[in-house]
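First the structure, in the form of structure tokens, and then the observations on it.
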Amino acid sequence: MHYVSTRATSASAARNPQQFSDILLGGLAPDGGLYLPADYPQVTGAELDAWRKLSYAELAYEILRKFATDIPDADLKALTARTYTPEVYRNARADESSADITPLRVLEDGAQGKLVLQALSNGPTLAFKDMAMQLLGNLFEYALARNDDELNIFGATSGDTGSAAEYAMRGKRGVRVFMLSPHKKMSAFQTAQMFSLQDPNIFNIAVEGVFDDCQDLVKAVSNDLEFKARQKIGTVNSINWARVVAQVVYYFRGYLAATTANSQKVSFTVPSGNFGNICAGHIARMMGLPIDKLVAATNENDVLDEFFRTGVYRVRKPAETFHTSSPSMDISKASNFERFVYELVGRDAERTHALFRKVDTHGGFDLSGAPGSDGDEFKDVAKFGFLSGRSTHLDRLATIRDVADDYGITIDTHTADGIKVAREHLQPGVPMIVLETALAAKFNETILEALGQDAERPAGFENIESLPQRFVVMPADVGRMKAYIAEHTGL
Ligand SMILES: *Cc1c(COP(=O)(O)O)cnc(C)c1O
């Protein structure tokens, strides 16, 4: 299995065939594109039949070995078995089984169609990012040990990603995490989740500033290529290919759990921001999984909804990006979207490059086919099954209330965006699976607003705010930041 960049010329792709392990620790390809397999591995009906009986960890192994062909089977099997355990994904609802890892729950089965929730948020940080990040932690440790190397992950977070990365990398040999967050700007719960980690390889740095200051610091340090190389600095952002591929697994799992024969189809609705999660659904569909529709649900930051309705991709300026009550979807551009556009334009890397150059110079592109547009490929979007919808704060409150009243469970704000949009696309005979991307306890303020009572906290999180915290406070100063990193890596 070889990987190519969405911006590679055929000559450069032939010159630099990349294997899974080559791209595991990195982000963007050197040409600024994103990596994709040269061809999607296909699954047969016989394989799907056999996979119906597998545990989540066994299924993850079967799917990953199609992509990570340069990791010996026995090693991959051990890595997936260690990752996908009921102990790691232990926060299932009382009436669901942790052994299922991503349990399904039928909410509704009526004349309009079947509505199903797939729980992806039972991992240590109560959000779906743990599904991929926990595997990444084990893969990184394995790959670094194999090359007797080390890696210092340096990033900025306003919440979900940073904590998922820290819980994945804690205690891992060869890996340190330096995570910046805006001092006193995260919720008490999120702060406690990150800062209560006592592992010596985790460094929480509270920056005196806002999230943008943190991001600017990461950029400034990463732009110093000599420092970056010497300090072995890397990232774990959502464009990382291994994260995307780990997410492919739960689409298979959801399909297999919701059906009894391969002639049946299902659809998925995915609360979307950076297009990482739903991109994995697209890849599962390209591998031959019988997915009918892939519905992207956005909040008020509706870049993706606009594209899937009109064919116009228009990234937002910071001033046009809203702070919403589903904050993990507050994005101005969707960093994984290029992976789909590459497919949509027939894997034409030059076209893809030109379109995303236009994103940089003109803030977007137009594939609607209208006079003066950049192309007419929007007409082909339906072939890939994509649909979309958007949701607002008021929709979120109403949906959280409805779901509590009708089905007796509390859902988080991002999942509420998914349910709202999924209901607009129900189809009799095709189960609609909504991916639950976080647990309500993480976004309690909005739950309180919707229901007048607190969200339930999973066991072990009751007193998290009172645990001792380990962090340093620093000014937004690049020089001080570099000195801190160097001092703690010893490199
Ligand atoms: C990250 C995140 C999302 C968005 O996922 P993308 O892969 O960026 O589309 C949605 N919901 C929650 C809770 C998240 O943490």
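All ligand and atom numbering here is 1-based and tracks the order in the structure. Throughout, numbering of the chain's residues begins at 1 and tracks the sequence.
- Scanning the protein heavy atoms around atom 12 (C) of ligand 1, the nearest turns out to be Thr437 OG1, 3.5 Å.
- Backbone and side-chain nitrogen or oxygen atoms of Phe443 are examined, and none is located within less than 3.5 angstrom of a nitrogen or oxygen of ligand 1.
- Gln19 is linked by a side-chain hydrogen bond (donor to acceptor under 3.5 Å, both in side chains) to nothing, counting only residues two or more places apart in sequence or in another chain.
- In the vicinity of Pro271, heavy-atom distances shorter than 4.0 Å reach the ligand 1 atoms 4 (C), 10 (C).
- Scanning the protein heavy atoms around atom 7 (O) of ligand 1, the nearest turns out to be Asn277 N, 2.9 Å.
- Counting only N and O atoms by type, the side chains of Thr83 and Gln134 include no donor and acceptor under 3.5 Å apart.
- Looking only at protein heavy atoms, the nearest one to atom 4 (C) of ligand 1 is Gly273 N, 3.7 Å.
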Legend entry - ring-ring contact (aromatic ring centres under 6.0 Å, His included) evaluation trace for Phe340 with Phe386: CA-CA 10 Å; Phe340 172 64; Phe386 276 100; 4.7 Å; yes
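- Listed by number with element, the atoms of ligand 1 under 4.0 Å from a non-hydrogen atom of Asp160 are 13 (C), 14 (C), 15 (O).
- In summary, the atoms of ligand 1 found under 4.0 Å from a heavy atom of Ala438, numbered by their order in the structure, are 13 (C).
- Taking CG of Asp213 as the start and CG of Leu180 as the end, the distance is 10.5 Å to the nearest 0.5 Å.
- Between Phe471 and His183, the angle of the ring planes lies from 30° to 60°, which puts this pair in the tilted group.
- Residue Gly276 places at least one N or O, backbone or side chain, under 3.5 Å from an N or O of ligand 1.
- We find that Glu449 and Arg396 are not joined by a salt bridge, their nearest charged nitrogen and carboxylate oxygen being 4.0 Å or further apart.
- Salt-bridge annotation for Glu338 and Lys333: absent, with no side-chain N of the basic residue lying under 4.0 Å from a carboxylate O of the acidic one.
- At a heavy-atom distance under 4.0 Å, only backbone atoms of Phe275 (N, CA, C or O) approach ligand 1.
- Taking the six-membered ring for Trp and thresholds of 30 and 60 degrees, Tyr313 and Phe356 have ring planes inclined between 30 and 60 degrees apart.
- Atom 8 (O) of ligand 1 has its closest protein heavy atom at Asn274 N, 2.7 Å.
- Annotation: Asp412 places no N or O atom under 3.5 Å from an N or O atom of ligand 1; distance criterion only.
- The protein non-hydrogen atom at the shortest distance from atom 14 (C) of ligand 1 is Lys129 NZ, 2.9 Å.
- Ligand 1 is approached by Ser272 to a heavy-atom distance shorter than 4.0 Å.
- Under the 3.5 Å distance criterion, with hydrogens and angles disregarded, a donor-acceptor pair is assigned to the side chains of Arg176 and Asn152.
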